[in-house]
Amino acid sequence: MIRFLCGACPINKSSAEPMRLSRYFLPILRETPKEAELVSHRLMLRAGMIRQEAAGIYAFLPLGLRVLNKICAIVREEQDRSGAIELLMPTIQSADLWRESGRYDDYGKEMLRIKDRHEREMLYGPTNEEMITEIFRAYVRSYKDLPLNLYHLQWKFRDEVRPRFGTMRAREFLMKDAYSFDLDYAGARHAYNKMFVAYLRTFARMGLRAIPMVADTGPIGGNLSHEFIILASTGESEVFCHRDYLKFPIPDADVNFDDVAAIQAIVDTWTSRYAATSEKHDAAAFEALPADKKMSARGIEVGHIFYFGTKYSKPMRAVVAGPDGGEHPVQMGSYGIGPTRLVAAIIEAFHDDAGIKWPEAVAPFRLAILNLKQGDSATDAACESLYRELSARGVELLYNDLDERPGPKFAAADLIGIPWQILVGPKGLAEGKVELKCRADGSRELLTPADALARFAR
RNA sequence: CGGAGUGUGGCUCAGCCUGGUAGAGCACCUCGUUCGGGACGAGGGGGUCGCAGGUUCAAAUCCUGCCACUCCGACCA
């Protein structure tokens, strides 16, 4: 099946093809490379997910790419559900565009500036507000074409002084960035709210509880902004919030994004309690909370949304005709999610001493078959049969058919964190059984191959 | 960008102080024995010791410069 959509871009659909380990490329490391400090960084290197090519610049190896694609697929589904429309902008931009907004000089050394063969000044995009505004103004003339929310998933480059923590704080990173366009503040506020709700769903589907916190707007600008933070002991920043955030409900998949009042109500709930990062922390307000509701923890920022009005539309003259016939600079917002950072963040949330414990929604494979005695005819036959039957039913699985002892197979399966393992060996088969192990809680049960098949068949 | 440190086979590291023919474990290849939680034996392949100069009869080792990477700090999706 051809799944190739776009060679150099990160837009490939997840591959559901089952795989034999003997034909796969999974360079597992038994020892931990010394540079890795953070547990997610260590595990990503050991599990053969990434390879560092320069400081803060990583290649995604096949296993890492599968996870990244799963994450992108969820991001995409929830963006689409909320009404955003995907396009794809380039990584390289012209400096002229950034001079229009005035940010070319403001952005500083974080921006990677390059020259082409004609000595024209170019840059590797750290974000795309200018470019999307340029695209918008080229085509959109009337308020009747609004609201509009355009997004893409593309590699960004920010030349961090000090990249660290693997893909958590890389210089090159994948980002989903969406940009909303509306005629007035009310429309822009609804666009902001829609993204807010989409983000709640997006992170929840990955098994994460992300808490929206009042945030600084930084060099993007604007005055309404939330960071979506997941709590993890290894988080980079200190955060403070009300304990109620741990149990607020996640909006259903059938939420109506056109229902302005309903969407606003969800946002109101999710902004009704104290929640702030250290930069915006109000110690007095936090101290006023009941003692059993106070939560201070470390957090990882996995998403950030901004409303910034006409900050770019005014200088770049992105205007539409309103119902009054006059010209109005368009009201904008931008909305980011970092999939490459999420890969690491999810590992921070789901791991143990043996390795990664992927939530099913983002797991590189759903199921692993471990042949515990390769070469034993009954064992081989049972494995092959399971592999064939499960493949035929579309189960994403990795079959460890290496001529290896059981120990390393157990260790590898635990390390790469596939949610379910079927252990097939002569001992069990003598009783007509295979063993099903759940990576998340370590539970095991014996069952017949037919029952195992039924368990995973859709 | 300030401070600290590290570059020796694919990985983890020893050797450097006190210069004298490059090592170990793991990984890899071959053969045999093994085989339900990272086996064992025998044999084998693989490194211009980050780069460039310098000192010396002789440099992984001493000196100078450069580069890369890591950690602490300021900065950040």
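Numbered from 1 within each chain, the chains take letters A, B, ... in sequence-line order.
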Take atom [atom1] of [X] and atom [atom2] of [N], then tell me their distance rounded to the nearest Å.
X: A/Phe173; N: B/C75; atom1: CZ; atom2: P; value: 18 Å
X: A/Arg103; N: B/C76; atom1: CZ; atom2: P; value: 14 Å
X: A/Glu279; N: B/A74; atom1: CD; atom2: P; value: 12 Å

When you compare [N] with [M], how far apart are their [atom1] atoms, in angstrom units rounded to a whole number?
N: B/U12; M: B/C69; atom1: P; value: 16 Å
N: B/C63; M: B/A68; atom1: P; value: 22 Å
N: B/U34; M: B/U6; atom1: P; value: 49 Å
N: B/A24; M: B/C51; atom1: C1'; value: 27 Å
N: B/U61; M: B/U55; atom1: P; value: 15 Å

Regarding [N], can its base be found pairing with the side chain of [X] as donor and acceptor, where the two atoms are less than 3.5 Å apart?
X: A/Glu404; N: B/G38; answer: no
X: A/Arg30; N: B/U12; answer: no
X: A/Glu31; N: B/G25; answer: yes
X: A/Arg51; N: B/G10; answer: no
X: A/Arg169; N: B/C76; answer: yes
X: A/Arg164; N: B/G73; answer: no

- [ ] Using the side-chain contact (heavy atoms from CB on, under 4.5 Å) rule, take A/Asn371 and A/Asp401 through it: C-alpha gap first, then chi angles, then the decisive distance, then the call.
- [x] CA-CA 6 Å; A/Asn371 184 330; A/Asp401 60 342; 5.6 Å; no

Task: Centroid-centroid under 6.0 Å between A/Phe196 and A/Trp270 rings - done: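 For A/Phe196 and A/Trp270, the ring centres are not under 6.0 Å apart.
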
TODO: Would you please indicate if the ring centroids of A/Tyr307 and A/Tyr192 are separated by under 6.0 Å?
DONE: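 No, they do not, as the ring centres are separated by 6.0 Å or more.
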
Task: 5' precedence on RNA chain B between A/Thr340 and A/His41 (nearest-nucleotide basis) - done: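 It is A/His41, whose closest nucleotide lies nearer the 5' terminus.
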
Open item on the list: Reading RNA chain B from 5' onward, which residue's closest nucleotide shows up sooner: A/Ala36 or A/Val424?
Closed with: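 Taking each residue's closest nucleotide, the earlier one in sequence belongs to A/Val424.
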
TODO: Flag this pair as yes if the NZ/CZ of A/Arg66 is under 6.0 angstrom from the six-membered ring centre of A/Phe365 and inside a 45 degree cone about the axis; otherwise no.
DONE: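 Positive - A/Arg66 is close enough to the ring of A/Phe365 and near enough to its axis.
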
Open item on the list: If you compare every side-chain N and O of A/Arg405 against the phosphate oxygens of B/A39 (OP1, OP2), does one of them come in below 4.0 Å?
Closed with: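 For B/A39, OP1/OP2 do have a side-chain N/O of A/Arg405 under 4.0 Å.
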
